[in-house]
Amino acid sequence: MAKLEQLKAMGINPFPYRFQRDSNTRQALDNFDQLVEKQAVLTMAGRIMTVRVMGKAAFFHFQDEFGPLQGYVKKDIIGEQLWTLFGLLDIGDIVGLTGTLFTTRTGEKTLNVSRFELLTKSLHPLPEKYHGLTDKEARYRQRYADLIVNPEVRETFRLRSKIIAAIREHLGREGFMEVETPILQPLYGGGSAEPFTTRHNKLDMNLYLRIADELYLKRLIVGGFDKVWEFCKDFRNEGMDRLHNPEFSMIELYQAYADYTDIMAMFENLLRSVVTTVFGKTEIVYEGNRIDFGPPFKRISMLDAIVAHGGPDLSDFDYDRAVKLAKDDGIDTTGLMIHGKVVEAFFEKYAEPQLISPTFIIDFPRDVSPLAKVHRANPKLVERFEVFIGGMECGNAFSELNDPIDQKQRFLDQGKVAEAGDVEAHRLDEDFIMALSYGMPPTGGLGFGIDRLVMLLTDSHSIRDVIFFPQMRPE
RNA sequence: GGGGGUGUAGCUCAGUGGUAGAGCAUCUGCCUUUUAAGCAGGUGGUCGAUGGUUCGAUCCCAUCCACCCUCACCA
C-alpha cells in the first residue's frame, strides 16, 4: 500500500490500460538460439514470481500463460529511474518487459531487460514460492491463486479444454449438429435424480434446473434433425463426493436410424479419436493403471459380468431369490424394491471396480431403464450399454424407446416406484409422449460425463480437480 | 448420514496448562550472473467459533463451523 502511494507520487499509474506485446515465454524458449544470434529485441508481459536482488542488479522469474522465464535487470542498463521503480515492485506484480536473450553463467536462458513498465500492482502476497498453495480448501476457494502458483493445475484445465475441443471437432466431422435446449424446465426428466427447484415470478410457477436434456433432444429427432448433440450443464440436488458435483457437464447425442450397437461403435471411435488427438497416443495412466484405448473395447452383458467376476447368476429374474442372495451376501437391500436394482447392486459390488480397461456393459434390466427400448431377444432386458473405464462409469446409451404407448406405460410404472418412496423416479411428461406419438424414428442415444472423462484423462482423483470452481459451502 | 483426520502469521508448518515459534513473503541496511541467492536487523497472530474445567486455556472437556479421506446414498 505504501508502495502504491510512492508509485502514484512518481507519476506512475499502477493500473494502466494496455500493453503491446510481440512475444511470449514459449516463443522465446523455443527459438532461443536464433533469437540470441540475432540479438532480437522482444517485448513480453507476465507476473513476477521470484526476485533476487544483488546490490545494483537483480534476477527474477516472471511467468506468462506458457510458463516461467528468468529476467535480468542491471542498473547500468536500465538507468537510475527504472532501477528505483524496480525496487518498488513486488512478487505478484504484472509487468511488461523488453530486452534481448542470453544465457547466464549457470546456464539458464534469461531475458536481459532493457526496459520495463508496471502493468498491474498486486496488493495481496502470493503463496510461498517453494511449497506453493497446498491447502485443498484454499485452492478450491481461491482457484485464481491455485492457478497462479501451481502449473500442473493450469495444465489440467488446458487439457480439459483440449478434450472438449477434440470431442466437438469429432462430432462435427461425424455430421452431428450442436444444439441448445432449456436449462430451466417445467418438468425434469431424462435421468434418475433429484432436481434443484427455482421459481419464475411472472409465470408464478416452479421450474427445475435440468438433470438431463435427453427428452428435449429426442423432440428434435422427432422434428427431423437426424444427428444432434448438446454440451449440457446439468444439475442434481444430491450428495457431493469425489465423483459428484451438484453442477456438472455432460454431452448427450442422438442419432436417428441407429441402435445401441451403432452408438457403441461410434462412441468407441470418438474416445479413441479424442485420446489420440489430445495425447498423440492411445494409452494413458489413471491412478497407476495403464489404460489403452487402442484395442477394441470389451463387451459383456451385465448379467454375465456379475457371474464373470464371481457373483451369482441372476438370469432367472426371480426377485425374491435375488434379494435373498443379496442379503446372504451382506448387501444392504433397503430400497432395492425391484429385480433390476438388485442386479445393479450385485454388479456394482462384483464387477464395476474391476472394469479398468474400457468395457461396454450391455443389456440392462428393463425395470431400471424406463427410456430404453426392450431387447429384441429378451423382453426382460433393454438394449442399453454403459462404458466403464478405470472402474468409473463414463457413459450410458440406449436404443431409444420410441413407442409412445410403451413409453407412457414405463412412466406410469415409474410413478408406482415414486409412490413407493423413490424420490428419483421419472415423472410422466405428457408433451414428450405427444412428441413420440408423432413418430420418432429408430434412434440411438448416448450421454457421457465430461468431468469424469477429464478426470480419467488427466489422472485426477477428484471431480473438484477438473472443475474450476467446485461447489463449496460459504466460509 | 457413519467412521477417521485437519484447522496456529499472507503461504508452508513446528509447539506449549503460565504474555506465541521457524522458514518463505513483507520492511530496513549491504551485495552488478543469482536461482528455495546470501548476510544483519525489524514488522506481522481473535492459535476456526462458542461455552465449560482451572488462579490461569491456543493446549484439557463439550458443542458448533469449515475442509480433507473413507464408507453409505446417488448414473
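Residue numbers start from 1 in every chain, and the chains themselves are labelled A, B, ... in the order their sequence lines are given, proteins ahead of strands.
- Nearer to the 5' terminus of RNA chain B, by closest-nucleotide assignment, is the contact made by A:T110 (compared with the other of A:T110 and A:E137).
- Taking atom CG of residue A:N237 and atom C1' of nucleotide B:A75, one finds them 16 Å apart after rounding to whole Å.
- Using a 4.0 Å heavy-atom cutoff across all strands shown, A:E344 reaches no nucleic acid atom at all.
- Side-chain atoms of A:D241 and base atoms of B:C73 include a donor and an acceptor less than 3.5 Å apart.
- Residue A:P125 has its side chain nearest to B:A25 when only B:U12, B:C68, B:A25 are considered.
- For the contact set between residues 381-398 of chain A and RNA chain B, defined by any heavy atom under 4.0 Å, the members are A:E393, A:N396.
- Taking the nucleotide of RNA chain B with the nearest heavy atom to each of A:M250 and A:M472, the more 5' of the two is matched to A:M472.
- Between A:F388 and the options A:F297, A:F347, A:F448, a ring pair (Phe, Tyr, Trp, His ring centres under 6.0 Å) holds for only A:F347.
- Using P as the reference atom, B:G51 and B:G44 are 28 Å apart when rounded to the nearest Å.
- Looking at heavy-atom distances under 4.0 Å, A:G449 makes no contact with the nucleic acid at all.
- For a distance-only test at 3.5 Å, the side chain of A:H131 fails to qualify as a donor-acceptor partner of the base of B:C11.
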Q | Full working for side chain to side chain contact (heavy atoms under 4.5 Å, CB included) between A:F66 and A:R154 | A | CA-CA 10 Å; A:F66 303 104; A:R154 288 199 298 276; over 6 Å; no
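- To the nearest 0.5 Å, atom OG of residue A:S249 and atom CG of residue A:D234 are 8.0 Å apart.
- A donor-acceptor contact under 3.5 Å links the side chain of A:R52 to the base of B:U34.
- One atom, CG of A:D146, and another, P of B:U12, lie 11 Å apart when rounded to the nearest Å.
- Looking at A:T134, its side chain has no donor and acceptor atom pair within 3.5 Å of the base of B:U12.
- The minimum heavy-atom distance linking A:C394 with A:L456 is given by the pair SG-CD2, 4.3 Å.
- At a threshold of 4.0 angstrom between heavy atoms, the contacts of A:H244 include nucleobase atoms, whether or not backbone atoms are also involved.
- Between the P atoms of B:G18 and B:C59, the separation comes to 11 Å (whole Å).
- Looking at heavy-atom distances under 4.0 Å, A:F60 makes no contact with the nucleic acid at all.
- Taken residue by residue, residues 29-51 of chain A places no heavy atom nearer than 4.0 Å to RNA chain B.
- Here A:R236 does not reach the OP1 or OP2 of B:C74: none of its side-chain N or O atoms lies under 4.0 Å away.
- The interatomic distance linking A:E348 (CD) with B:C73 (P) rounds to 8 Å, in whole Å.
- A:E352 places its CD atom 11 Å from the P atom of B:A72, with the value rounded to the nearest Å.
- Counting any heavy atom pair closer than 4.0 Å across all strands shown, A:R464 reaches sugar-phosphate atoms only and no base atom.
- When each of B:C69, B:U32, B:U12 is scored by its nearest atom to the side-chain atoms of A:H461, the top-ranked nucleotide is B:C69.
- Atom C1' of B:G21 sits at a distance of 24 Å from the matching atom of B:G5, rounded to the whole Å.
- Heavy atoms of A:V149 sit nowhere under 4.0 angstrom from any nucleic acid atom.
- A:K341 has no carboxylate O lying under 4.0 Å from a charged side-chain N of A:D367, or vice versa, which leaves the two without a salt bridge.
- A cation-pi geometry, defined here as NZ or CZ lying under 6.0 Å from the six-membered ring centre and within 45° of its normal, holds between A:R384 and A:F364.
- At a threshold of 4.0 angstrom between heavy atoms, the contacts of A:R473 are confined to the sugar-phosphate backbone, with no base atom among them.
- The pair A:E155-A:R160 does not meet the salt-bridge criterion, since no charged nitrogen lies less than 4.0 angstrom from a carboxylate oxygen.
- Nucleic acid contact class of A:F364 (heavy atoms, under 4.0 Å, all strands): none.
- Atom-to-atom, NZ of A:K349 to P of B:C73 comes out at 11 Å; the value is rounded to the nearest Å.
- A donor N or O paired with an acceptor N or O is found under 3.5 Å between the base of B:U34 and the side-chain atoms of A:Q70.
- Distance CD1 (A:I463) to P (B:C69): 13 Å, rounded to an integer number of Å.
- The one candidate from A:V95, A:I94, A:I91 that meets the side chain to side chain contact (heavy atoms under 4.5 Å, CB included) condition with A:R47 is A:I94.
- Ion pairing between a basic and an acidic side chain is recognised when a charged N comes within 4.0 Å of a carboxylate O; A:R410 and A:D406 show such pairing.
- Taking 4.0 Å as the cut-off between side-chain N and carboxylate O, A:R236 and A:E194 do not count as a salt-bridged pair.
- Distances from the side chain of A:I91 to the nucleotides B:G10, B:U32, B:U26 place B:U26 closest.
- Among the atoms of the strands shown, base atoms are found under 4.0 Å from some heavy atom of A:D76.
- Comparing the P positions of B:C47 and B:G7 gives a spacing of 15 Å, expressed to the nearest Å.
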Q: Take A:Y260 and A:F398, measure what ring-ring contact (aromatic ring centres under 6.0 Å, His included) needs, and give me the verdict at the end.
A: CA-CA 5 Å; A:Y260 76 141; A:F398 328 128; 9.6 Å; no
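- One finds a side-chain N or O of A:K136 lying less than 4.0 angstrom from the OP1 or OP2 phosphate oxygen of B:C69.
- At a threshold of 4.0 Å, the pair A:D76-A:K56 does not count as salt-bridged, since none of the basic side-chain nitrogens sits closer than that to a carboxylate oxygen.
- A salt bridge does not link A:K373 with A:D259: every distance from a Lys NZ or Arg NE/NH1/NH2 to an Asp or Glu carboxylate oxygen is 4.0 Å or more.
- Helical stems in RNA chain B, defined as runs of 3 or more consecutive Watson-Crick or G-U wobble pairs with both donor-acceptor distances under 3.5 Å, are listed by first residue as B:1-7 with B:65-71, B:10-13 with B:21-24, B:26-30 with B:38-42, B:48-52 with B:60-64.
- Between A:E128 atom CD and B:A9 atom C1' the separation is 13 Å, expressed in whole Å.
- A heavy-atom distance below 4.5 Å is not found between the side chains of A:F32 and A:E37.
- Taking atom CZ of A:R141 as the reference point, atom C1' of B:G10 lies 17 Å away to the nearest angstrom.
- Only one option out of A:R219, A:E230, A:E214 pairs with A:T181 in a side chain to side chain donor-acceptor pair (under 3.5 Å); it is A:E230.
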